[in-house]
Amino acid sequence: MIKFDKFQLENGLKVIVHQDKSTPLACINILYDVGSRDENPNQTGFAHLFEHLMFGGSINIPNYDEPLQRVGGENNAFTTNDITNYHLTLPSENIETGFWLESDRMLSLAFSEKSLEVQRNVVIEEFKQRYLNQPYGDVWLLLRPMAYKVHPYSWDTIGKEISHIENANMEDVKTFFNNFYSPNNATMVVAGNVEFENIKLLSEKWFGPIKKGPDNKRNLAQEPEQKEARSLTVERDVPVDAIYKVYHICSRYDKEYYAIDLISDVLSQGNSSRLHNTLIKDKKLFSDIHAYVMSDFDKGLFVISGKLADGISMEQADNAINEELQKLKSEFITLDELTKVKNKMEASHVFGEVDVLNKATNLAVSELLGDAGMINKEVEKYLSVTAEEINEQSNIIFKNENCSTLYYKSNKKSQDLENITMQEETPSSQS
């Protein structure tokens, strides 16, 4: 049970306080209710760009990292399709430094052409290195637009294409900031060795004077039901063939989510899971294979991805996956197997609660989903899932017409064949 108190400032900032006397540290986690789904389709990658820009300095603090490091702190951030999350950890006696830093960049981020140029170049380089020049790096640039035809989940957080970041100008960046990076669009969690009344005073002192921003009301296009199987075959300079299958599922808000998440554990959680046991150990069709859910706030995806063993065709791999899914659809999972995945989930949840940063992030996400108290009901919801619900959701999800498949072929074989042919055609030298 994670205990917490919460209050809200007049400007709309929600503040959650979790006291944990077992650590000498304190964590400040600020979650902004903005992700790549909130971007203009012709100006994508802005939420991720801001993940970098927010560390570029504010008007009063030109270097965000320096004062934090001076008091023994560290920080990081991440962006998803739904949220942008910033967090810092430091010794609890220095917590006011964290309030000073976070409030100042919410109030007055430094919009300098130099900072924009530097961070724009960083993001462009990241796009090239992680998505274009890395083996299998472009998978989600291919999968998302295949799976989503209407909803803005159709592009990755990095953006649709590099040109959208290259062309980002100062006016566009300021507009995006003013729309989303305001106290009424944020949730702050302070966790660790802290006192509630002190956090309340510091919150009022540092965040109270910041004016609220616009009330953002989403009106996103809803993805229609997929009614035909989709597939795409590409060839890339990668070591081995790979296959990716994605199925539309419910949102993170929905009660069905818990059964679906457990299905992914049944399929690939650990060496005794179904896909690992059957397709790697027994049939030796894959060198590795995974199943997981995208915990999106709108309707997400169930993902199965695997790298094929040598000599295995895409058809063999695809059929083998479908056979395993068919078993879930036609046979009820045993009580022992269901208990096993529930126990693993519960252990993972309990272990995750040890880390003060994990607790802060999860409290913020739970509050954004509707109520921070949800964090204490998660395990109960997983434990209540029945074999019937597992079977029901398997039959709803794992339909061919609900699936988009990416066949990601290695051009290594064709290159090897070409090299052999060239060697055969080249006469050997005579001495």
Side-chain angles (χ1 to χ4, degrees), residues 1-35 54 58 68 71 73 75 77 82-109 178-218 252-253 297 352-353 355-378:
M1 174 72 72
I2 297 176
K3 294 181 179 179
F4 61 89
D5 295 288
K6 64 181 181 179
F7 59 92
Q8 185 169 321
L9 301 184
E10 286 187 14
N11 58 17
L13 178 68
K14 294 178 181 178
V15 185
I16 297 171
V17 184
H18 164 65
Q19 187 182 70
D20 181 354
K21 291 289 189 179
S22 69
T23 174
L25 302 174
C27 169
I28 299 176
N29 188 100
I30 298 187
L31 183 153
Y32 289 95
D33 186 11
V34 57
M54 289 284 274
S58 58
L68 183 62
V71 295
N75 66 82
D82 302 306
I83 61 173
T84 310
N85 195 73
Y86 300 86
H87 53 82
L88 62 84
T89 305
L90 74 177
S92 59
E93 62 264 26
N94 298 328
I95 194 167
E96 190 163 8
T97 299
F99 274 82
W100 169 58
L101 288 166
E102 289 299 333
S103 63
D104 200 63
R105 64 178 176 179
M106 182 187 287
L107 171 69
S108 51
L109 193 66
N178 292 330
N179 281 342
F180 298 109
Y181 290 80
S182 53
N184 53 305
N185 203 48
T187 301
M188 178 169 70
V189 178
V190 184
N193 191 11
V194 296
E195 300 290 340
F196 176 77
E197 290 302 327
N198 185 45
I199 298 307
K200 201 167 185 180
L201 289 171
L202 291 174
S203 299
E204 291 284 2
K205 174 182 176 181
W206 290 104
F207 288 93
I210 304 175
K211 292 180 181 178
K212 69 180 297 185
D215 292 322
N216 297 306
K217 294 182 179 178
R218 288 189 178 89
R252 182 67 181 82
Y253 289 91
F297 291 5
E353 288 185 357
D355 185 79
V356 68
L357 176 56
N358 278 350
K359 287 188 283 188
T361 305
N362 291 335
L363 279 165
V365 171
S366 295
E367 181 66 21
L368 187 59
L369 286 170
D371 176 17
M374 285 171 57
I375 197 171
N376 293 319
K377 300 172 184 175
E378 288 284 278

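Heavy atoms only: backbone and side chains are in, while hydrogens, waters and symmetry mates are out.
- Two residues are said to be in side-chain contact when any heavy atoms from C-beta on lie closer than 4.5 Å; Ile210 and Leu9 fail this criterion.
- Side chains of Asn179 and Pro214 form a contact here, defined as non-hydrogen atoms less than 4.5 Å apart.
- Salt bridge status for Arg218 with Asp82: absent, with no side-chain N to carboxylate O gap under 4.0 Å.
- For Lys359, the salt bridge (Lys or Arg N to Asp or Glu O under 4.0 Å) partners are Asp20, not counting sequence neighbours.
- A donor-acceptor contact shorter than 3.5 Å links the side chain of Asp355 to the backbone of Asn358.
- Heavy atoms only, all atoms of each residue included: Ser182 and Met106 are closest at C-SD, 4.2 Å.
- Each salt bridge (charged side-chain N to carboxylate O under 4.0 Å, His left out) pair with one or both residues in residues 179-205, not counting sequence neighbours, appears once here: Lys21-Glu195, Glu96-Lys205.
- Scored by the side-chain hydrogen bond (donor to acceptor under 3.5 Å, both in side chains) test, Ser203 finds no partners at all (sequence neighbours excluded).
- Minimum interatomic distance between Leu88 and Gly98 (heavy atoms only, all atoms of both residues): CD2-CA, 3.9 Å.
- Nearest heavy-atom pair, Pro91 versus Gly73, reported as atom, atom and distance to 0.1 Å: CD-N, 4.5 Å.
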For this session: Applying side chain to side chain contact (heavy atoms under 4.5 Å, CB included), run through Glu102 and Trp206 and close with a yes or a no.
Result: CA-CA 9 Å; Glu102 289 299 333; Trp206 290 104; over 6 Å; no
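- By the 4.5 Å heavy-atom criterion applied to side chains, Leu368 and Phe297 are counted as neighbours.
- You'll find the side chain of Ser58 stays beyond 4.5 Å of the side chain of Leu107, heavy atoms only.
- A 4.5 Å side-chain heavy-atom check between Asp33 and Asn216 finds every atom pair outside the cut-off.
- Nearest approach of Ala372 to Ile16, heavy atoms of both residues: CB-CD1, 3.7 Å.
- With hydrogens and angles disregarded, no donor-acceptor distance shorter than 3.5 Å links the side chain of His87 to the backbone of Asn75.
- The aromatic rings of Tyr86 and Tyr32 lie perpendicular to each other, with more than 60° between the two planes, well past the 30° mark.
- A donor-acceptor contact shorter than 3.5 Å is absent between the side chain of Asn11 and the backbone of Pro183.
- Using a 4.5 Å heavy-atom threshold, the side chains of Ile30 and Tyr181 count as separate.
- Exactly one of Leu31, Ile199, Val15 qualifies for a side-chain contact (heavy atoms from CB on, under 4.5 Å) with Met188. That residue is Val15.
- Using a 4.0 Å cut-off between a side-chain N of Lys or Arg and a carboxylate O of Asp or Glu, Glu378 and Arg252 qualify as a salt bridge.
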